[in-house]
Amino acid sequence: MALQLHSTLTRRKLPFAPLADGKVGMYLCGPTVYSDCHIGHLMGPVLFDAVARWFAVRGFQVRFVNNITDIDDKIIDKANATGEPWQAITERYTNQYLELLKKLHVTTITDHPRCTEYVPQMVSYIEDLVARGRAYVAGDGVYYDVSRQVGYGKLSGRRLDEMTADAGKLDRMAGAAGGVRHPADFALWKLAKPGEPSWPSPWGDGRPGWHIECSVMSLHTLGATFDIHAGGEELKFPHHENEIAQGEAHGGDYARHWMHNNLVQYQGAKVSKSDPRMSDPAFALQFQAKAVVAAHGPAVVRFLLLNGHYRRPVDFSPENIGAVATALGRLHRVVAADLEKTSDLSLEAILAILLPDEASRHRADFVAAMDDDFNTGAAIAELFGLAHLLGKLPADQQPAVRTVVWGLGRLIGLFQPGDAAAVPAAADDDRLAKVMSLVLELRASARANRDFAASDRIRDRLKAAGIVVKDGKDGATWEFAP
RNA sequence: GGCGCCGUGGCGGAGCGGCUACGCAGCGGAUUGCAAAUCCGUGUACUCCGGUUCGAAUCCGGACGGCGCCUCCA
């Protein structure tokens with residue numbers, strides 16, 4: 001079956017046809033780096049990393065661009081509030097973001113352009129829009145003229161004539177000396193107030209507007225027309241709509257396919273910054289990317305995100321994360337032997353492995369699920385199908401199945417080196433490890449003497465202390481209670 | 001109010017007209033000195049009302065409900 005994907009523009013699934021044979025150009029809107037990464041920031045990278053991996057599996061050479069917005073009003077506000085230079089703020093949070101992507105094994109992104117590296121290109125792009133009569137100078141900057149745009153609103157299904165009653169926009173129109181002409185017109189260039197970071201331009205020192213950066217950076221990395229533009233649902237309007245307007249006005253068809261991932265939820269609903277529960281730091285920490293990754297491990301976070309479909313919301317409530325972590329543990333046991341390998345298997349190599357019929361069907365269904373709009377959730381279900389089969393197969397057929405589970409998982413970013421050890425479980429205190437070793441030794445001799453009363457007493461008391469003892473074939477092990 | 005997405009078993013979550021999704025939890029079994037862990041087995045489902053069809057969770061219409069965007073939120 002041909003690879004097909006759902007485009008927001010057409011609202012339907014269509015076979016994927018690349019602009020250039022054997023190549024895919026993807027652009028994913030990245031974070032504005034003014035504070036700690038939110039778990040939502042991880043969604044796009046992880047989800048579209050799986051997409052990019054699958055394109056590569058299907059033989060495409062992928063250029064995957066993910067920008068960093070390192071100049072923005074929020075950054076300036078933060079600098080003003082803390083007194084810290086804005087460059088220091090953006091550098092810190094850029095590093096945090098890139099560090100998280102690394103931990104999550106998001107490896108397919110080829111370019112991380114920074115907004116501040118493209119300001120001259122943005123200026124000339126805006127000059128071009130002005131020259132074409134698609135933008136105009138107002139009192140506080142340069143604005144895009146949406147009234148000249150044919151088909152404005154086609155991505156989000158909005159109509160220009162219905163967007164006139166926006167109070168905030170009207171205020172801004174009144175505030176801009178020289179006047180903004182239409183409420184939907186948006187800033188391409190913002191003139192700097194005293195003390196604000198700024199770059200030179202024909203209209204005066206200032207900084208680029210939000211939407212212009214993506215249009216310019218995609219142009220310079222992927223071209224005026226490119227295959228796929230991705231991002232979160234919430235960016236459809238106004239951000240993506242305005243990118244299209246700019247891109248088309250500048251010349252080119254802009255993105256041919258638009259892919260939007262759904263958003264993070266918590267017990268079925270979005271938790272906004274103004275949610276009263278957010279005043280509890282422990283609650284708020286559940287949404288901070290680095291805290292979530294530290295608490296559950298990158299493997300669980302990645303698995304949670306890929307466990308459904310990218311166009312559906314993902315629930316980050318603790319109950320859900322716990323259930324998913326247990327499920328992933330089961331797969332980890334299946335692939336334990338290969339988990340630490342640093343090189344992947346190609347799809348061809350995986351398909352060449354001889355399997356029993358039923359296992360072979362699961363393998364084929366995995367591939368079909370990924371070909372069908374990157375349905376990672378359905379694909380992972382096939383992995384469980386294979387894992388389940390393992391218990392029924394003779395021992396000599398099991399290694400092949402294990403290798404296939406691992407190989408297929410790797411193709412979408414699962415089962416990376418370090419995944420199994422990612423959640424700190426036991427002995428990070430050497431002294432405790434030594435004491436436990438002694439305790440288990442004593443208990444082992446009690447058991448050898450069939451003194452189960454003493455043996456159970458040790459186990460019970462340890463359990464009360466938060467330490468769980470498990471008796472296995474090769475002696476007892478221990479870990480902290482979950 | 002406008003635009004969009006969605007309503008599946010206790011929970012999470014696939015499904016794109018006929019065929020067990022899957023996972024977690026629960027229950028039963030194997031294993032164990034007893035446990036834990038592990039493995040095997042297993043049930044309950046498609047918000048409601050119309051319609052199309054031989055046949056609908058799946059298509060169409062309506063009702064009700066949830067979510068998101070419309071404020072430079074990923």
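These values consider heavy atoms only, across backbone and side chains, with no hydrogens, waters or symmetry-generated copies. Residue numbering restarts at 1 for every chain, and letters A, B, ... go by the order of the sequence lines. If you're wondering where the values come from, they're calculated on a predicted model, not measured in any experiment.
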Spacing between A:Leu390 atom CG and B:U38 atom P, to the nearest angstrom:
15 Å

Using a heavy-atom cut-off of under 4.0 Å over every strand shown, decide if A:Lys236 touches base, sugar-phosphate, or nothing.
sugar-phosphate

Donor-acceptor pair (no angle test) under 3.5 Å: A:Lys13 side chain, B:C16 base:
yes

Under 4.0 Å: is that the gap between some side-chain N or O of A:His388 and OP1 or OP2 of B:G41?
yes

Can you say whether the rings of A:His229 and A:Tyr27 are parallel (under 30°), tilted (30 to 60°) or perpendicular (over 60°)?
tilted

Which part of the nucleic acid, if any, lies within reach of A:Asn320 when heavy atoms closer than 4.0 Å are counted: base, sugar-phosphate only, or nothing?
sugar-phosphate

Does B:G13 have its OP1 or OP2 closer than 4.0 Å to a side-chain nitrogen or oxygen of A:His309?
no

With a cut-off of less than 4.0 Å, is there a side-chain N or O of A:Arg312 near OP1 or OP2 of B:G66?
no

Interatomic distance where CZ belongs to A:Arg11 and P belongs to B:C16 [whole Å]
22 Å

Just to confirm, is there a sub-4.0 Å distance from OP1 or OP2 of B:U38 to any side-chain nitrogen or oxygen of A:Arg333?
yes

Residues A:Arg457 and A:Asp460 bridged, charged N to O under 4.0 Å:
no

Base, sugar-phosphate or nothing for A:Leu263? Non-hydrogen atoms, less than 4.0 Å.
base

Any chance you could lay out the ring pair (Phe, Tyr, Trp, His ring centres under 6.0 Å) test for A:Tyr118 and A:Tyr125, step after step, and finish with the verdict?
CA-CA 10 Å; A:Tyr118 284 85; A:Tyr125 194 108; over 10 Å; no

For B:C69 and B:C60, measure between their P atoms and round to the nearest Å.
26 Å

Is the shortest distance from a Lys or Arg side-chain nitrogen in A:Glu196 or A:Arg207 to a carboxylate oxygen in the other one below 4.0 Å?
yes

Closest to the side chain of A:Arg330, out of B:G12, B:C24, B:C16, is B:C24

Salt bridge check, A:Asp338 against A:Arg402: does any charged N sit closer than 4.0 Å to a carboxylate O?
no

Expressed as a whole number of angstroms, how long is the span from A:Leu386:CG to B:G23:C1'?
15 Å

Pairwise C1' distance, B:U32 and B:A57 [rounded to whole Å]
44 Å

Quick one: label A:Val324 by what it contacts on the DNA or RNA (base, sugar-phosphate, nothing), any heavy atom closer than 4.0 Å.
nothing

Using the P atom as the point on both nucleotides, what is the distance between B:C64 and B:C48, in whole Å?
16 Å

With rounding to the closest Å, how many angstrom separate the P atoms on B:C3 and B:A63?
14 Å

